[in-house]
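See structure below.
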Amino acid sequence: MYSSSYYPFHFCFLLIISSTCLAQTNFHPKTLFLAVKQDPSTLQYITEIHQRTPLVPVKLAVHIGSENLWVDCETGFKSSTYKPARCDSRQCNLARSIACGDCNTENTTRPGCNDNVCYNIVSNPAMNTFFSGGEIAEDVLTIQSINGSIPGPESRGPVVTVSNFIFSCSPSYFTQNLGKNVKGMIGFGQQSPVSFVTQLASAFKFSRQFAICLSSSTQQNGIIFIGHRPYIFALGFDASRDLIYTPIITHPKIFLINRGSPEYYIQVTSITINEKSLALNKTLLSLDENEENGTKFSTAVPYTVLEPSIYNVVSKAFISEMPKDVKTVPAVQPFKTCFDSTYVGMSRLGYNAPKIDLILHKPNVRWTITGANSLVKVSDRVVCLAFVERNQTFGQTIVIGGFQMQDNLVEFDLARRRIGFSNSLYFHQTTCSNQFYTMGN
């Protein structure tokens with residue numbers, strides 16, 4: 001097994017001739033961004049990068065708790081700048097290779113199948129599995145920058161280039177259950193030297209942080225900011241001004257592998273509904289030594305997942321706090337708690353629904369979930385509690401999913417070991433799609 005030590009090295013942001021880093025340009029971006037949109041069929045959050053020589057657009061599913069970027073190298077991958085990572089190279093060490101060897105499945109070499117190369121693990125939560133033979137490699141990658149902090153079309157900066165971005169290859173079958181034309185996944189995990197945010201921070205010398213703002217519309221883009229603040233939305237509103245922070249919990253190991261987990265864990269100490277504290281099994285709320293229980297964020301699940309006993313308490317309390325003229329109706333999969341929406345009113349914060357608060361590491365630090373993020377419309381006359389019951393006997397007690405993050409800005413500040421959140425942008429009369437950067441993407 002290769003060492004997981006981090007050997008610092010420098011990327012080049014430059015003009016590229018052939019595959020060689022030549023000279024650095026005069027523009028030094030402080031912030032980069034990706035457009036992100038929910039796929040209506042899979043409910044995955046999809047972004048697009050440009051990679052290879054010549055550059056081609058590559059659609060990827062966003063997985064904030066994954067270690068690396070991986071793509072299908074078996075079908076349609078052509079690039080004159082593809083470089084497999086040779087055994088014992090610094091790239092292998094940075095990517096924390098788990099094995100080294102030769103590709104024996106084909107008679108000719110190609111991207112993803114070379115000799116004397118190293119491999120690491122790539123995961124696909126949509127298949128609920130991982131692949132341990134991901135060939136580690138480098139290639140050209142480009143991303144859009146932000147030029148200044150003034151909102152408007154002119155705030156989009158130039159496209160910038162990383163000439164040797166480290167990623168992993170997968171076989172084509174490993175893209176099963178991903179959205180249409182999605183060729184892999186993009187990982188933002190903590191404790192990983194080759195996560196998307198860590199490599200870009202190294203390339204452009206900015207702080208390791210990113211902020212994700214998911215749109216509630218499948219027709220409009222949300223955004224992922226990478227690098228420095230501010231996070232400017234329409235009318236000049238800076239979402240970084242009012243963030244509430246809670247510490248990131250770092251787990252010392254990942255399942256079956258002796259290295260730090262890339263997942264983002266936080267401490268939830270209690271839950272209230274309409275300011276009433278719920279009677280929960282508090283031992284389930286703390287992450288244990290086996291990486292069980294506790295709370296994490298995941299863009300790989302569309303709705304927040306709750307351990308069964310926690311779900312039952314939350315569901316019963318939510319029903320009891322709904323207005324008496326709002327009747328429950330039969331369940332609509334995957335949801336168990338549904339209502340006739342005829343008498344459910346609307347406000348600027350979404351449906352009129354009981355207020356759910358996740359109380360974090362201190363009593364006055366709370367994630368407030370209003371009707372826009374607690375009820376989901378499933379038909380003309382039915383809305384459901386947008387939480388699902390965990391169907392496994394193990395795992396996290398709470399997995400905060402994409403629906404609860406929609407139209408909330410969530411900042412992952414790896415340098416300061418903290419997560420900041422805005423609560424619903426509806427409080428500020430704006431949304432995650434109400435910004436200029438991702439228009440036209």
Side-chain angles (χ1 to χ4, degrees), residues 1-6 63-68 70 95-99 119-134 168 185 187-195 198 246-271 278-314 334 358-362 367 387-402 404-405 410 412 414 417-419:
M1 181 176 294
Y2 284 83
S3 168
S4 61
S5 301
Y6 185 94
H63 186 7
I64 58 174
S66 178
E67 291 189 298
N68 49 26
W70 64 264
R96 300 192 290 195
S97 168
I98 61 166
Y119 306 94
N120 66 359
I121 291 174
V122 296
S123 63
N124 181 354
M127 292 177 65
N128 196 29
T129 190
F130 61 88
F131 174 65
S132 60
S168 295
M185 304 195 83
F188 288 80
Q190 62 161 322
Q191 303 192 88
S192 170
V194 294
S195 76
T198 298
T246 193
I248 294 173
I249 296 175
T250 299
H251 198 271
K253 65 179 179 179
I254 187 174
F255 179 65
L256 295 180
I257 304 173
N258 187 27
R259 62 175 183 248
S261 171
E263 300 279 7
Y264 289 95
Y265 297 102
I266 60 172
Q267 181 65 58
V268 172
T269 57
S270 63
I271 300 174
L278 305 187
L280 306 176
N281 180 351
K282 295 296 182 69
T283 60
L284 295 175
L285 297 179
S286 294
L287 187 67
D288 68 20
E289 61 182 10
N290 297 314
E291 210 177 355
E292 298 285 319
N293 302 325
T295 299
K296 74 176 181 181
F297 287 88
S298 178
T299 50
V301 298
Y303 302 97
T304 291
V305 180
L306 301 177
E307 184 274 336
S309 71
I310 303 291
Y311 178 89
N312 289 334
V313 173
V314 169
L358 303 182
I359 313 302
L360 304 181
H361 69 291
K362 293 181 179 179
W367 180 303
F387 294 76
V388 296
E389 183 178 319
R390 193 182 77 194
N391 59 10
Q392 297 174 308
T393 57
F394 57 89
Q396 268 55 68
T397 300
I398 303 172
V399 181
I400 299 174
Q404 278 64 45
M405 286 190 266
V410 186
F412 297 82
L414 283 74
R417 312 299 310 153
R418 63 183 186 175
I419 292 175

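Predicted model only: the values in this text are computed from it and were never measured. When a residue number appears, it is its place in the shown sequence, counting from 1.
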Is there a side-chain contact between [X] and [Y], using heavy atoms and a 4.5 Å cut-off?
| X | Y | answer |
| --- | --- | --- |
| Leu278 | Val314 | yes |
| His63 | Ser123 | yes |
| Tyr311 | Phe387 | yes |
| Val388 | Thr304 | no |

How far apart are the closest heavy atoms of [X] and [Y], and which atoms are they?
| X | Y | answer |
| --- | --- | --- |
| Val122 | Ser168 | CG1-CB, 3.6 Å |
| Ser66 | Pro262 | C-CB, 4.2 Å |
| His251 | Glu291 | NE2-N, 3.3 Å |
| Ser298 | Met405 | O-CE, 3.7 Å |
| Ile271 | Val268 | CG1-CG1, 4.4 Å |
| His361 | Thr246 | ND1-OG1, 2.9 Å |

Measure from the side-chain N and O atoms of [X] to the backbone N and O of [Y], and report whether any donor-acceptor pair falls under 3.5 Å.
| X | Y | result |
| --- | --- | --- |
| Asn124 | Ala126 | yes |
| Thr198 | Ser192 | yes |
| Tyr264 | Gln190 | yes |
| Ser195 | Gly187 | no |

Margin query: Could you work out, with ring pair (Phe, Tyr, Trp, His ring centres under 6.0 Å) as the rule, every residue matching Tyr119, not counting sequence neighbours?
Written below: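 Once residues adjacent in sequence are excluded, Tyr119 has no partner under the ring pair (Phe, Tyr, Trp, His ring centres under 6.0 Å) criterion.
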
Notebook entry, point to check: Does Phe297 have any ring pair (Phe, Tyr, Trp, His ring centres under 6.0 Å) partners at least two apart in sequence or in another chain, and if so, which?
Noted result: Trp367, Phe412

In Å, rounded to the nearest 0.5 Å, how long is the span from [atom1] of [X] to [atom2] of [Y]?
| X | Y | atom1 | atom2 | value |
| --- | --- | --- | --- | --- |
| Ile398 | Leu284 | CD1 | CG | 9.5 Å |
| Ser261 | Lys296 | OG | NZ | 7.5 Å |
| Ser132 | Ile98 | OG | CD1 | 5.0 Å |
| Leu358 | Thr295 | CG | OG1 | 7.5 Å |
| Leu280 | Ser270 | CG | OG | 7.5 Å |
| Thr397 | Lys282 | OG1 | NZ | 13.0 Å |

Notebook entry, point to check: Got a sec: does the CD of Glu289 have more than 12 other heavy atoms crowding it under 6.0 Å?
Noted result: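 Counting neighbours around CD of Glu289, 12 or fewer heavy atoms of other residues, nucleotides or ligands fall under 6.0 Å, so no.
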
Notebook entry, point to check: How would you list, by chain and number, every residue that makes a side chain to side chain contact (heavy atoms under 4.5 Å, CB included) with Thr283, sequence neighbours excluded?
Noted result: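 Asn281.
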
Item checked: For Ile249, side chain to side chain contact (heavy atoms under 4.5 Å, CB included) partners two or more places apart ->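 Per chain and number, Ile249 pairs via side chain to side chain contact (heavy atoms under 4.5 Å, CB included) with Tyr265, Gln267, Leu287.
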
Margin query: For the residue pair Arg390 / Gln396, report whether a side-chain donor-acceptor contact shorter than 3.5 Å exists.
Written below: no

Note to self: For the residue pair Asn120 / Ser97, report whether a side-chain donor-acceptor contact shorter than 3.5 Å exists.
What the structure shows: no

Notebook entry, point to check: Partners of Arg418 by salt bridge (Lys or Arg N to Asp or Glu O under 4.0 Å), sequence neighbours excluded?
Noted result: Asp413

Next item on the list: Not counting sequence neighbours, which residues clear salt bridge (Lys or Arg N to Asp or Glu O under 4.0 Å) with Glu307? List them please.
Entry: none

